[in-house]
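Chain identifiers are assigned alphabetically (A, B, ...) following the order of the sequence lines, protein sequences preceding nucleic acid strands; residue numbering begins at 1 within each chain.
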2 protein chains.
Amino acid sequence: MKAGTDLAQIGSLVGDPARANMLAALMGGTALTASELALEAGVALPTASAHLAKLSDGGLVSVARQGRHRYYALADHRVAAMLENIMGVAATLGPKRVLPGPRDKAMRDARVCYDHLAGEMGVAMLDSFVGRGLIRVDGERAEMSSAGASYFAGLGIDLDTMGRKRRPVCRTCLDWSVRRSHLAGGLGAAMLECILTRGWARREKDSRVIRFTPMGRREFEMMLRG
Amino acid sequence: MKAGTDLAQIGSLVGDPARANMLAALMGGTALTASELALEAGVALPTASAHLAKLSDGGLVSVARQGRHRYYALADHRVAAMLENIMGVAATLGPKRVLPGPRDKAMRDARVCYDHLAGEMGVAMLDSFVGRGLIRVDGERAEMSSAGASYFAGLGIDLDTMGRKRRPVCRTCLDWSVRRSHLAGGLGAAMLECILTRGWARREKDSRVIRFTPMGRREFEMMLRG
DNA sequence: TTCATACTTCGATCATAAGCAAACTATCTT
DNA sequence: AAGATAGTTTGCTTATGATCGAAGTATGAA
């Protein structure tokens, strides 16, 4: 009975189309203002405001006031993982999903999940790190080996400051399209940033898709081979 | 936008209190009739019937007609895993969770998740199997080593017929109370059955709690030590 | 100061869907 | 055959909550 109440509370938050669209938009990882989310959800500003208040009260999103703006973001990597999970179930359950279009294909290949790389390439990346002994995985938790520490430092990632933050360095997150884990946590975010700043790939506008350049893909694959 | 629609569809199914209670009850793993679920959810039979039709249409539960009864169950281990995941988020988000009562404590210790063992003891079991090289884990998937095959056969588990079923033998499932993985899949179900038939533990009535006898707990821990 | 922007709160409307009683169908019992 | 039990369907009531316009608050710009 108590368990059911908990379920229902979260479910009803996610269950409204406008709120679901907002959450889906926030899965892109960038914080968005109330107006942007209203547009995204296709509702008027007052309506969006009410929805965002509920999401915020419910703990699914966080707010950061900045001047006259209010930036909303997913509260937590766990919330992001939960949404990915639900999407995954929806994908397998969906009435009969028509053959995946090109947009879908790109999403499966590489996309942003909250703030790290997901999709086939994200899964391949974690696989490589694990295979080379740089990271050890244990359920949702994961940890870096000493070999990993020197390797990631060599990529120019600042592990010291990362280690001091509250956020765990290594996490895994279940990928809904591949149904396997990809790398999340501070390191996952840093790796995505690394990929983007090196120009291997760039984010597609208004979507979660990450497009690798042909060159970038080659570089990325070389990195995975070690 | 499309992603949002998917989310909303599942969310709204889970978001109704009556339906959420039904789903929570079904997390116990045993199939239940419409009347039982009506009672569980605290609604009249016609209401329950309507809810179950929605859950069934939505693909979250499956129905099996048996004479004049209709047995409802969760459609899938994935649905079960999704619900566990949502409960986990609810637990961390919950307004201010009062200190966990004894019932909660028992749930955290050992409970049924769909049809396998979850909670601290479930996680400990998988840990032990992995540590002893009986099972290798890779994200949600997992596989048995040859050492594992002979070990589990030695416990009296019929791996041959299990291998022939559609259901994967080894799976992992994220545990909401421990936030780590426990063993699911056909093997997970078989292990739970093994624990129950040996009298090491028994299911508590009308709940997901599994109570180990003092003796059973010793035996179980001995098994984990190998 | 005055205006504009970003957002919230209020108030009213409206639609959806949750709820149940009563009637109906199907299966089992005797 | 005549109950009895399990469940669905129908029809109706009711309540919740999603929606937006209008007015209010807070911040920034001129």
Inter-residue atom distance B:Phe152.CZ - B:Leu187.CG, 0.5 Å rounding: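 Separation between the atoms: 4.5 Å.
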Integer-rounded Å distance: [N] [atom2] and [X] [atom1]:
X	N	atom1	atom2	answer
A:Arg65	D:dT25	CZ	C1'	10 Å
A:Gln9	D:dT16	CD	P	16 Å
A:His51	C:dT8	NE2	C1'	14 Å
A:Asp16	C:dA17	CG	P	11 Å

Nearest listed nucleotide, side chain of A:Arg68, among C:dA4, C:dC28, C:dG19: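 Closest nucleotide among those given: C:dA4.
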Give a yes/no on whether any side-chain N or O of [X] is located under 4.0 angstrom from OP1 or OP2 of [N].
X	N	value
A:His69	D:dG28	no
A:Lys54	D:dG17	no
A:Arg19	D:dA18	yes

Residue whose nearest DNA chain D nucleotide is more 5′ - A:Gly67 or A:Ala44: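 The residue closer to the strand's 5' end, by nearest nucleotide, is A:Ala44.
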Nearest-nucleotide comparison on DNA chain D, the residue closer to the 5′ end among A:Ser12 and A:Gln66: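 With A:Ser12 and A:Gln66 compared, the 5'-side residue is A:Ser12.
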If we only count heavy atoms from C-beta on, is the [X] to [Y] side-chain gap below 4.5 Å?
X	Y	result
A:His116	A:Cys173	yes
A:Asp115	A:Thr30	no
A:Leu26	A:Leu37	yes
A:Arg208	A:Met27	yes

For nucleotides 8-12 of chain D, tabulate all protein N/O to nucleotide N/O atom pairs closer than 3.5 Å, reporting atom names and distance.
residue	atom	partner	partner atom	Å
D:dT8	OP1	B:Tyr72	OH	3.0
D:dT8	OP2	B:Ser49	OG	2.3
D:dT8	O5'	B:Ser49	OG	3.0

Between B:Arg111 and B:Ser177: side-chain donor-acceptor atoms closer than 3.5 Å: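 Yes, B:Ser177 and B:Arg111 have a side-chain donor paired with an acceptor closer than 3.5 Å.
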